[in-house]
Amino acid sequence: MELPQRYDAKEAEAKWQKFWEKNKIYAYNEKDKKKETYSIDTPPPTVSGSMHIGHAFSYSQQDFVARYKRMKGFNVFYPFGTDDNGLATEKLVQKNRKVNLRKIPRTEAIKICLEFLKEERPKFVQDWKNIGMSCDFSVMYSTIDDMSRKISQRTFLEMAKKGLAYRKEAPIIWDTMFQTAIAQAELVDSEIDSIFNDIVFRTEGSDELIIATTRPELIGACVAVFVHPKDKRYRKHVGKTAITPLYNAKVPVLADEKVSMEKGTGIVMCCTFGDQTDIEWYKQYKLPLKMLINPDGTMNDAAGRYKGMKADEARKATIEDLKQAKLLKSQKAIKHVVQIGERSGQPVEIINSKQWYISYLDKKDMFLKASEKLGWYPKHMKHRLDNWIKGLNWDWSISRQRHFGVPIPVWYDKTGKIYYADESQLPVDPVADRPKGVPEKVDLIPETDVFDTWFTSGSSPFLAIELMPKETQEELFPMSLRPQAHDIINFWLFYTMAKTQLIHRKNPWKDVIISGWALDPHGRKMSKSKGNVVVPQDMIQKYSADALRFWTAGSKLGDDMPFQEKDLVTGQKTITKLWNASKFVLMHLEDYRYEKVELEILDKWLLAKLQKLVKKCTEHFDAYEYSKAKQEFELFFWQVFTDNYLELAKDRLYNPGKYNKTARKSAQFALYEALLNLLKLIAPVMPYITEEIYQLYFAEKEKEKSIHISHWPEYSESYIDKNAEETGDLVVGILQTVRKFKSEKSLSLKAELSSIIISCSASQRKKLELVLQDIKAITIAEDIEFRESKEFSLEIKN
RNA sequence: GGGCUCGUGGUCUAGAGGCAUGACAUCCGCUUGACUCGCGGAAGAUCACCAGUUCGAAUCUGGUCGGGCCCACCA
């Protein structure tokens, strides 16, 4: 068989991708009852531009597992989805279509988003196909499609029925740019320049109380003044009344341990609301509510002459007024950290508003038990979830004030009574529909809020499972595996687990595997601002998806790995080597027909080592340790197979006349077995090159459509042959010594040697005499002599 | 401040009680009937630091220093 000189990865990868899809190689076979199901809760990537290297990294890792399980004989359910109902997508649409989605009617906004997605989604998904994901792309959901909206709304109704969903007016973190409530999870810290202002409050006895604040515009929202209970300076004022400057409001002076005596003047004003401590004090001391800031970030009527100003404008104006009134003692420039919305980049406010919540603070124990039951890989990632659960102190706020999202399926009447949608009418849009069974004459106000995106993606197992026929759905749940990166353990993993526990009292999956991040070559996080972002599609173009995956396979689960382009070169070399070795093997297998022959010792040596490799790789893959499997493969492939065995086998293949009658047949058998098994062992990591070679020769022999649904090599004890292994190892030792000798003498490896004298034990001699012809051929020595000795050594003469 | 995690040749990485693995880079040599994207060889590491346990520590224990992630604080 004449194989092309070079392997064209670009052509081959496109070809096999189409082949797999057309032949449904990765489809879950719901009719197959013999195979055990292995279902995977694939993370739906957020549609927010294009894939980055971190995606390629973690998605490849889960794909190794999926491919291994499939070959191991599992009926693998591996769906795909996209998360496209969040702020990220909204932002992308606004940028691309140059519209402000908030300023147009909701139905219009949704239409624009959906049209945009229809165009962009396939391009986006293509990136995932290109890295060789073995998902069944015909089982695909989008978190905004009809089915997902239906499921998301249904889970809400189920929780409402259980009394877990409630609506309440409460302080909430608010993004004034996007004008929506946001979760704690969506906040990032940002250091900004600010000014600490020392402002004069007075007691009723006209003593001065100096308060340090960075937010003087909130004086009007001040509802109390706090000092530390142990602070002797102010002890006498505790329990008395203070009068706020400019507004002249009477507020109580209270003592609380949260106050720091060292910071500022040691007196704090508590406003509704400046920060999260204010909320706690507001609740704890049942303080009144004085809101000054509107949802759009401007000041409201209660702010008096500052009404209509943005918060920062009001701050400047307030400072001016304080100066005029001689109520500003001093100012100090400081740098401090404020929380900003991660998407808007704007400082957040805390405002009081009506939101929907899921009650779960009393379920911490249940969640901790659920976490205990999960199979964590790596184990230590469990701590992150447990710490998060233990630290929860708010119920789950699920409503968001945006246009593009899954609508909350409720209506209200004038009295505030809540009307829920009927399950049969889902998905609904309260703005356009009415609840089933409620007479037309009842005037209803539709809820215009949508669910937070985590609420919907927290049902990901169901978004996928419900795309399958009813009778197989039970088989698929709970899922076998949740693969994901460590940055969203507190969010996606937690919410999915919490939601499934609350509704079904079960865990959504058996195991979770947590992948790390791809970092830049110096171990720093990649980001656009640092300019160190690597685009995987460029790397695939330049090298190949297989090379990219080969690099990924070098990482351990949970570990971050610096990306170095040179590592892709290594992958590329492995692909070339695999191609060339295959070229050689298949050339010699052209006339091969299986026939039972007594195997030559060196072939037994190879096959014994191969069996050990099979055993190790299988164990490693079973423990999700694909990197160890890859390492073992590499070691065997380069050192045992190509560098040594192939060289040893050459003489028998080219000059069979010098050996036993069946010596060539024996070598052919070994070559067949070794190459086929090697291809299979690395197929999960490098799906394209292995498929290409498999299809050239083995597919027909094994009568399989694809290597990826062929049988994983099975360890067979019968090939283990200690004697052959020892002999082979001795031969390799001799070969290495001879190579070193020639190298040091600057000789060609083809240079002839006049003699080699082997000093060894009698038993070693017995072994080596059986492969004398092979040793002569590989060392190109005219004469080989033996000398009896306890120590093994060589004397070489050229 | 708390939790988790890591610190190994120039770079990246494996190893988790007993001569420190591999890749890339470096140096020297070889065109061996699959492969110069190759082959052979060499050099390069007091395994962050200190103390302890042990016959023996990169590996276990305690501490120090330094990264990373998450959480808390941020008037």
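A note on names: the letters A, B, ... follow the listed sequences, proteins ahead of strands, and every chain is numbered from 1.
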**Complete:** Contacts of I778(A) meeting side chain to side chain contact (heavy atoms under 4.5 Å, CB included) (sequence neighbours excluded), chain-then-number -> E647(A), L648(A), L735(A)
Atom pairs under 3.5 Å, N or O on each side, protein against nucleotides 36-43 of chain B: can you list them with distances?
from: rC37(B); atom 1: O2; to: T576(A); atom 2: OG1; distance (Å): 2.6
from: rC37(B); atom 1: N4; to: R6(A); atom 2: NH1; distance (Å): 3.3
from: rG38(B); atom 1: O3'; to: K577(A); atom 2: NZ; distance (Å): 3.2
from: rC39(B); atom 1: OP1; to: K577(A); atom 2: NZ; distance (Å): 3.0
from: rG40(B); atom 1: OP1; to: D643(A); atom 2: OD2; distance (Å): 3.3
from: rG40(B); atom 1: O2'; to: R739(A); atom 2: O; distance (Å): 3.3
from: rG40(B); atom 1: N2; to: S743(A); atom 2: OG; distance (Å): 2.9
from: rG40(B); atom 1: N3; to: S743(A); atom 2: OG; distance (Å): 3.1
from: rG41(B); atom 1: O4'; to: S743(A); atom 2: OG; distance (Å): 3.4
from: rA42(B); atom 1: OP1; to: K740(A); atom 2: NZ; distance (Å): 3.2

**Asked** With a cut-off of under 6.0 Å to the ring centre and 45° to the axis, is K577(A) in cation-pi contact with F637(A)?
**Response** no
**Prompt:** Do K556(A) and Y626(A) meet the cation-pi criteria used here (NZ or CZ under 6.0 Å from the six-membered ring centre, within 45° of the axis)?
**Reply:** no
**Item:** Residue K566(A), side-chain atoms from C-beta onward, closest of rC74(B), rA23(B), rG3(B)
**Value:** rA23(B)
**Item:** Residues which pass side-chain hydrogen bond (donor to acceptor under 3.5 Å, both in side chains) with N490(A), listed by chain and number, not counting sequence neighbours
**Value:** none
**Request:** Look at the side chain of R384(A) and decide which nucleotide, out of rG29(B), rC71(B), rC70(B), has an atom nearest to it.
**Result:** rC70(B)
**Complete:** Across all chains, not counting sequence neighbours, the ring pair (Phe, Tyr, Trp, His ring centres under 6.0 Å) partners of Y543(A) are none
**Fill in**
Winner on side-chain proximity to K750(A), out of rC70(B), rA14(B), rG33(B), is rG33(B)
**Prompt:** Is D651(A) paired with R664(A) through a side-chain N to carboxylate O contact shorter than 4.0 Å?
**Reply:** no
**Request:** Treat a base pair as Watson-Crick or G-U wobble with both distances under 3.5 Å, then lay out RNA chain B in dot-bracket form, 5' to 3', with | for cross-strand pairs.
**Result:** (((((((..(((.....[...))).(((((.......))))).....(((((..]....))))))))))))....
**Asked** Of all the choices, rG29(B), rU31(B), rC69(B), which nucleotide is nearest to the side chain of S748(A) once you look at every atom?
**Response** rU31(B)
**Complete:** Across all chains, not counting sequence neighbours, the side-chain hydrogen bond (donor to acceptor under 3.5 Å, both in side chains) partners of D559(A) are none
